[in-house]
Amino acid sequence: MRTQRQVVDYSLQKRAVLRELLAGRVGTYDVCDASPYLKNAARFHGEPTDRRCPICRSENLTLVHYIYGDELKQSAGQARTLTELPVLAMTLREFQVFVVEVCLGCDWNHLVEQYLLGRDGLTGDSDGNGEQDVAAAEGVGRRRREAQR
Ligand SMILES: [Zn+2]
(Lines give C-alpha, C1' and ligand atoms only; values in the text may rest on other atoms or scores of the structure.)
Protein backbone atom coordinates (compact mmCIF):
# COMPACT_ATOMS: atom_id res chain seq x y z
CA MET A 1 0.00 0.00 0.00
CA ARG A 2 1.37 3.36 -1.02
CA THR A 3 0.97 5.12 2.33
CA GLN A 4 2.41 2.25 4.36
CA ARG A 5 5.24 3.32 6.69
CA GLN A 6 7.04 2.57 9.95
CA VAL A 7 6.73 -1.16 9.36
CA VAL A 8 7.70 -3.35 12.31
CA ASP A 9 8.32 -7.00 11.47
CA TYR A 10 7.74 -9.56 14.24
CA SER A 11 8.99 -12.66 12.41
CA LEU A 12 12.08 -12.88 14.68
CA GLN A 13 9.89 -12.95 17.78
CA LYS A 14 7.69 -15.55 16.16
CA ARG A 15 10.67 -17.77 15.34
CA ALA A 16 11.84 -17.42 18.95
CA VAL A 17 8.46 -18.64 20.21
CA LEU A 18 8.53 -21.59 17.81
CA ARG A 19 12.06 -22.44 18.97
CA GLU A 20 10.93 -22.38 22.60
CA LEU A 21 8.07 -24.67 21.68
CA LEU A 22 10.32 -27.15 19.86
CA ALA A 23 12.68 -27.15 22.83
CA GLY A 24 9.76 -27.91 25.13
CA ARG A 25 10.21 -24.75 27.17
CA VAL A 26 6.66 -23.65 26.41
CA GLY A 27 3.63 -25.81 25.72
CA THR A 28 1.21 -25.55 22.83
CA TYR A 29 -1.46 -24.46 25.33
CA ASP A 30 0.69 -21.34 25.94
CA VAL A 31 0.85 -20.31 22.30
CA CYS A 32 -2.41 -21.74 20.92
CA ASP A 33 -4.70 -19.46 22.88
CA ALA A 34 -6.66 -17.50 20.25
CA SER A 35 -9.65 -15.87 21.91
CA PRO A 36 -13.18 -16.39 20.54
CA TYR A 37 -13.06 -12.72 19.40
CA LEU A 38 -9.87 -13.24 17.45
CA LYS A 39 -11.24 -16.39 15.82
CA ASN A 40 -14.46 -14.62 14.87
CA ALA A 41 -12.44 -11.76 13.39
CA ALA A 42 -10.44 -14.32 11.40
CA ARG A 43 -13.63 -15.96 10.12
CA PHE A 44 -15.43 -12.77 9.10
CA HIS A 45 -12.65 -10.28 8.26
CA GLY A 46 -9.61 -12.51 7.84
CA GLU A 47 -7.38 -12.82 4.83
CA PRO A 48 -6.80 -16.48 3.94
CA THR A 49 -3.21 -17.46 3.11
CA ASP A 50 -1.67 -20.56 1.56
CA ARG A 51 0.82 -20.86 4.42
CA ARG A 52 0.43 -23.87 6.71
CA CYS A 53 0.11 -23.41 10.45
CA PRO A 54 3.56 -24.00 12.00
CA ILE A 55 2.02 -25.87 14.94
CA CYS A 56 -0.64 -28.29 13.68
CA ARG A 57 0.35 -28.23 9.98
CA SER A 58 -3.19 -29.19 8.99
CA GLU A 59 -4.81 -25.76 8.50
CA ASN A 60 -3.73 -22.68 6.58
CA LEU A 61 -3.12 -19.45 8.47
CA THR A 62 -5.52 -16.53 8.34
CA LEU A 63 -4.30 -12.94 8.69
CA VAL A 64 -6.39 -10.51 10.75
CA HIS A 65 -5.85 -6.75 10.38
CA TYR A 66 -6.68 -4.70 13.49
CA ILE A 67 -6.85 -0.93 13.21
CA TYR A 68 -6.08 1.62 15.93
CA GLY A 69 -6.01 5.41 16.03
CA ASP A 70 -7.79 8.48 17.41
CA GLU A 71 -9.44 9.27 14.10
CA LEU A 72 -11.18 5.89 14.05
CA LYS A 73 -13.18 6.75 17.19
CA GLN A 74 -15.46 3.80 18.03
CA SER A 75 -13.99 1.71 15.23
CA ALA A 76 -10.58 1.65 16.94
CA GLY A 77 -9.52 -1.86 17.82
CA GLN A 78 -11.78 -3.48 15.24
CA ALA A 79 -10.71 -5.93 12.57
CA ARG A 80 -10.93 -4.88 8.92
CA THR A 81 -10.60 -6.84 5.70
CA LEU A 82 -7.53 -6.17 3.60
CA THR A 83 -9.65 -4.56 0.87
CA GLU A 84 -11.06 -1.98 3.31
CA LEU A 85 -7.61 -0.69 4.30
CA PRO A 86 -6.74 1.34 1.15
CA VAL A 87 -10.08 3.14 1.41
CA LEU A 88 -9.40 4.06 5.03
CA ALA A 89 -5.84 5.03 4.13
CA MET A 90 -7.13 7.64 1.68
CA THR A 91 -9.74 9.09 4.05
CA LEU A 92 -7.80 9.19 7.33
CA ARG A 93 -4.56 11.00 8.10
CA GLU A 94 -2.98 8.26 10.17
CA PHE A 95 -3.87 4.98 11.80
CA GLN A 96 -2.03 1.94 13.06
CA VAL A 97 -2.51 -1.56 11.64
CA PHE A 98 -1.62 -4.72 13.58
CA VAL A 99 -1.50 -7.93 11.56
CA VAL A 100 -2.07 -11.16 13.51
CA GLU A 101 -1.84 -14.65 12.06
CA VAL A 102 -4.35 -17.15 13.37
CA CYS A 103 -4.91 -20.87 12.87
CA LEU A 104 -8.57 -21.78 13.12
CA GLY A 105 -7.57 -25.41 13.64
CA CYS A 106 -5.37 -25.28 16.74
CA ASP A 107 -5.79 -21.63 17.88
CA TRP A 108 -2.14 -20.71 17.26
CA ASN A 109 -1.83 -16.91 16.95
CA HIS A 110 1.01 -14.45 16.76
CA LEU A 111 1.58 -10.82 15.85
CA VAL A 112 3.14 -10.70 12.38
CA GLU A 113 3.74 -7.01 11.78
CA GLN A 114 2.50 -3.53 12.46
CA TYR A 115 2.57 -0.39 10.33
CA LEU A 116 1.05 3.02 9.84
CA LEU A 117 -1.36 3.90 7.05
CA GLY A 118 -3.02 7.14 6.08
CA ARG A 119 -2.78 10.26 3.96
CA ASP A 120 0.05 11.65 6.13
CA GLY A 121 2.29 9.17 4.35
CA LEU A 122 1.84 10.94 1.04
CA THR A 123 4.56 13.47 0.37
CA GLY A 124 4.11 16.86 -1.25
CA ASP A 125 0.84 18.72 -1.63
CA SER A 126 -2.32 16.64 -1.74
CA ASP A 127 -3.36 17.24 -5.33
CA GLY A 128 -4.04 13.54 -5.64
CA ASN A 129 -1.18 12.91 -8.04
CA GLY A 130 0.56 10.21 -6.02
CA GLU A 131 2.91 8.96 -8.72
CA GLN A 132 4.58 12.36 -9.03
CA ASP A 133 4.83 12.68 -5.25
CA VAL A 134 6.59 9.33 -4.96
CA ALA A 135 8.97 10.17 -7.81
CA ALA A 136 9.77 13.51 -6.18
CA ALA A 137 10.44 11.85 -2.82
CA GLU A 138 12.76 9.30 -4.45
CA GLY A 139 14.60 12.11 -6.22
CA VAL A 140 15.16 13.90 -2.92
CA GLY A 141 16.47 10.70 -1.34
CA ARG A 142 18.88 10.12 -4.21
CA ARG A 143 20.23 13.66 -4.04
CA ARG A 144 20.70 13.30 -0.30
CA ARG A 145 22.64 10.06 -0.69
CA GLU A 146 24.84 11.59 -3.33
CA ALA A 147 25.55 14.56 -1.10
CA GLN A 148 26.73 12.23 1.66
CA ARG A 149 29.37 10.59 -0.55
ZN1 LIG B 1 -2.76 -24.82 13.69
Side-chain angles (χ1 to χ4, degrees), residues 1-124 126 128-138 140-142 145:
M1 235 165 288
R2 199 149 50 84
T3 68
Q4 186 174 344
R5 57 203 184 269
Q6 291 183 32
V7 182
V8 183
D9 182 4
Y10 288 98
S11 52
L12 279 179
Q13 286 85 336
K14 183 176 120 182
R15 251 175 276 158
V17 169
L18 293 175
R19 250 196 326 268
E20 292 289 289
L21 191 69
L22 270 176
R25 283 190 288 266
V26 295
T28 48
Y29 51 86
D30 290 317
V31 294
C32 297
D33 57 354
S35 71
Y37 300 105
L38 178 55
K39 289 169 77 178
N40 267 336
R43 266 185 215 108
F44 297 112
H45 309 285
E47 192 69 24
T49 72
D50 53 10
R51 280 184 294 123
R52 286 274 149 170
C53 168
I55 310 297
C56 68
R57 296 185 190 281
S58 64
E59 299 272 339
N60 284 350
L61 296 168
T62 304
L63 295 180
V64 183
H65 298 78
Y66 284 104
I67 52 170
Y68 289 89
D70 293 341
E71 289 173 86
L72 294 163
K73 305 210 165 58
Q74 67 273 21
S75 305
Q78 291 183 356
R80 283 287 183 274
T81 62
L82 196 56
T83 49
E84 287 176 288
L85 294 182
V87 181
L88 283 170
M90 295 321 288
T91 48
L92 299 172
R93 288 182 55 225
E94 183 172 286
F95 62 100
Q96 189 89 44
V97 181
F98 288 87
V99 187
V100 180
E101 67 176 31
V102 191
C103 172
L104 289 172
C106 71
D107 292 1
W108 154 258
N109 62 104
H110 199 276
L111 183 62
V112 175
E113 63 173 356
Q114 70 176 73
Y115 48 83
L116 285 179
L117 284 181
R119 286 187 290 113
D120 270 5
L122 300 172
T123 51
S126 50
N129 197 335
E131 302 306 330
Q132 256 177 20
D133 291 345
V134 170
E138 280 169 358
V140 168
R142 207 175 303 130
R145 278 194 298 279

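In listed order, ligands and their atoms are each counted from 1. Quick caveat, the model's predicted, so the values are computed rather than measured. Start at 1 with the first residue, then count along the sequence.
Inter-residue side-chain proximity for Lys73 and Glu71 is flagged as unmet; no heavy-atom pair is nearer than 4.5 Å.
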Take Leu85 and Phe95, measure what side chain to side chain contact (heavy atoms under 4.5 Å, CB included) needs, and give me the verdict at the end. CA-CA 10 Å; Leu85 294 182; Phe95 62 100; 4.3 Å; yes

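Of the inter-residue distances, the one linking His45 atom NE2 with Leu82 atom CG reads 13.5 Å to the nearest 0.5 angstrom.
Considering Val97, Val99, Val100, Leu63 as possible partners of Glu113, the one that fulfils the side chain to side chain contact (heavy atoms under 4.5 Å, CB included) test is Val99. Each of Leu61, Asn109, Ile55, Asn60 was compared with Cys103 under the side chain to side chain contact (heavy atoms under 4.5 Å, CB included) criterion, and only Leu61 meets it.
Listed by chain and residue number, the protein N/O/S atoms under 2.8 Å of the Zn ion (ligand 1) are Cys53 SG, Cys56 SG, Cys103 SG, Cys106 SG, with waters left out.
When ring centroids are compared, Tyr68 and Phe98 come within the 6.0 Å threshold.
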